[in-house]
A.B. asks: 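A single structure is presented below for examination.
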Amino acid sequence: MGTVLGAMRNVRWHELQHAYGSASQVPGVLSRIAWGDAPTSDEALSDLERWIGTPPVFDSTAATVPFLWELAATDTVRDRAGVLDLLATILAAGNAEHPAWTRAAHDAVAAGRATAARLAAAPEAPEVPGAPVAPGAPDTPGAQAVRTAAVRTAAARLLAAIDRHDCPVCPAPPPREA
């Protein structure tokens, strides 16, 4: 697997649950997001959102979030903006029956704040061959700039959501200096 997602093997996925049962297939889905072609990665991101990102959150959600941050920060991932949007969805979700899962998931999203800030402030990237804008889109001049802008926008939205996050199970964040 290389260094991206290499730590997935340290998680006991078979002991965790998502919306439809065992989370044992989450590593494969994360790998498809990381290395799949456009249709494959898009489908995998959609699957993952249904499994761990739709209310309520599950115990597998918090275990998955660090890998989502890793994918969001990896230039070769096709839909980094979609990954950031999934992180925002997780931050907005909860589980009234399992507040500890909610807090763990929210804490994991908030722990990536520095990555969101870096991505929101990223300069335009040079063109990267083989990196289409959207699933099925041709690789055209300017595609990387459009993708970078989408990542910056999604990161800025997520950063704002992290900074204004307020839910009953999460402690109030300390005030930020200007």
Side-chain angles (χ1 to χ4, degrees), residues 1-93 95 101 104-106 108-109 111-112 115-116 118-120 122 125-140 143-155 157-158 161:
M1 269 191 237
T3 57
V4 175
L5 303 179
M8 280 194 310
R9 66 183 171 277
N10 299 328
V11 177
R12 298 177 131 186
W13 296 103
H14 64 283
E15 295 177 5
L16 303 175
Q17 297 291 308
H18 61 57
Y20 300 101
S22 171
S24 61
Q25 63 274 65
V26 168
V29 172
L30 288 167
S31 294
R32 289 185 1 232
I33 294 168
W35 297 293
D37 61 12
T40 300
S41 63
D42 186 50
E43 179 184 354
L45 188 58
S46 178
D47 287 347
L48 197 58
E49 184 170 5
R50 281 193 318 275
W51 294 352
I52 68 156
T54 56
V57 298
F58 293 85
D59 57 350
S60 64
T61 305
T64 305
V65 168
F67 301 108
L68 292 174
W69 278 118
E70 189 175 348
L71 293 173
T74 302
D75 290 335
T76 56
V77 171
R78 293 181 186 276
D79 191 3
R80 294 167 51 205
V83 172
L84 291 163
D85 288 341
L86 176 53
L87 287 163
T89 298
I90 291 167
L91 186 64
N95 189 325
W101 294 352
H106 292 181
V109 172
T115 299
R118 181 178 57 76
L119 293 172
E127 191 71 23
V128 175
V133 176
D139 193 16
T140 61
Q144 183 63 25
V146 172
R147 286 168 31 107
T148 301
V151 169
R152 278 196 309 262
T153 300
R157 279 193 311 262
L158 179 54

A.B. asks: Report yes or no: does W13 contribute a side-chain atom to a donor-acceptor pair with the main-chain N or O of Q25 at less than 3.5 Å?
C.D. replies: no

A.B. asks: Locate the shortest heavy-atom distance separating E70 from L5; write the atom from each residue and the value.
C.D. replies: OE2-N, 2.6 Å

A.B. asks: Using 0.5 Å steps for rounding, measure from the CH2 atom of W35 to the CG atom of L71.
C.D. replies: 8.0 Å

A.B. asks: Is there a donor-acceptor contact under 3.5 Å from the side chain of N95 to the main chain of V57?
C.D. replies: yes

A.B. asks: Working to the nearest 0.5 Å, report the span between CG of L45 and CZ of R78.
C.D. replies: 13.5 Å

A.B. asks: Looking at side-chain heavy atoms only, is the closest gap between T61 and W101 below 4.5 Å?
C.D. replies: no

A.B. asks: Please find the pair of heavy atoms, one from A62 and one from A108, that lie closest to each other, and give the distance.
C.D. replies: O-CB, 4.1 Å

A.B. asks: With a 4.5 Å limit on heavy-atom distance, are the side chains of V77 and V4 in contact?
C.D. replies: no

A.B. asks: Should the ring pair W51 and H18 be called parallel, tilted or perpendicular, given that the plane angle runs from 0 to 90° and is split at 30 and 60?
C.D. replies: parallel

A.B. asks: Could you pull out the closest heavy-atom pair between V29 and A44, with the gap in Å?
C.D. replies: CG1-O, 3.2 Å

A.B. asks: T148 and R152: side-chain donor and acceptor closer than 3.5 Å?
C.D. replies: no

A.B. asks: Compare every heavy atom of L84 with every heavy atom of A155, then report the nearest pair and how far apart it is.
C.D. replies: N-CD1, 3.8 Å

A.B. asks: Once rounded to the nearest 0.5 Å, what's the spacing between atom CZ of R147 and atom CG of D75?
C.D. replies: 8.5 Å

A.B. asks: Heavy-atom distance under 4.5 Å between the side chains of L16 and T64, does that happen here?
C.D. replies: no

A.B. asks: Between M8 and L30, what is the shortest heavy-atom contact and its length?
C.D. replies: SD-CD1, 3.5 Å

A.B. asks: Atom CD1 in I52, atom CD in Q17: separation rounded to 0.5 Å?
C.D. replies: 13.5 Å

A.B. asks: Per the side-chain contact (heavy atoms from CB on, under 4.5 Å) rule, which among T74, L119, I33 passes with R80?
C.D. replies: L119

A.B. asks: Could you give the distance from CG (L158) to CG (D85), rounded to the nearest 0.5 Å?
C.D. replies: 8.5 Å

A.B. asks: Could you tell me the separation between the CD atom of E15 and the OG atom of S24, rounded to the nearest 0.5 Å?
C.D. replies: 11.5 Å

A.B. asks: In a check of side-chain hydrogen bond (donor to acceptor under 3.5 Å, both in side chains) between S46 and each of E49, R50, E43, which one passes?
C.D. replies: R50

A.B. asks: May I ask you to test the F67-V83 pair for a side-chain heavy-atom distance under 4.5 Å?
C.D. replies: no

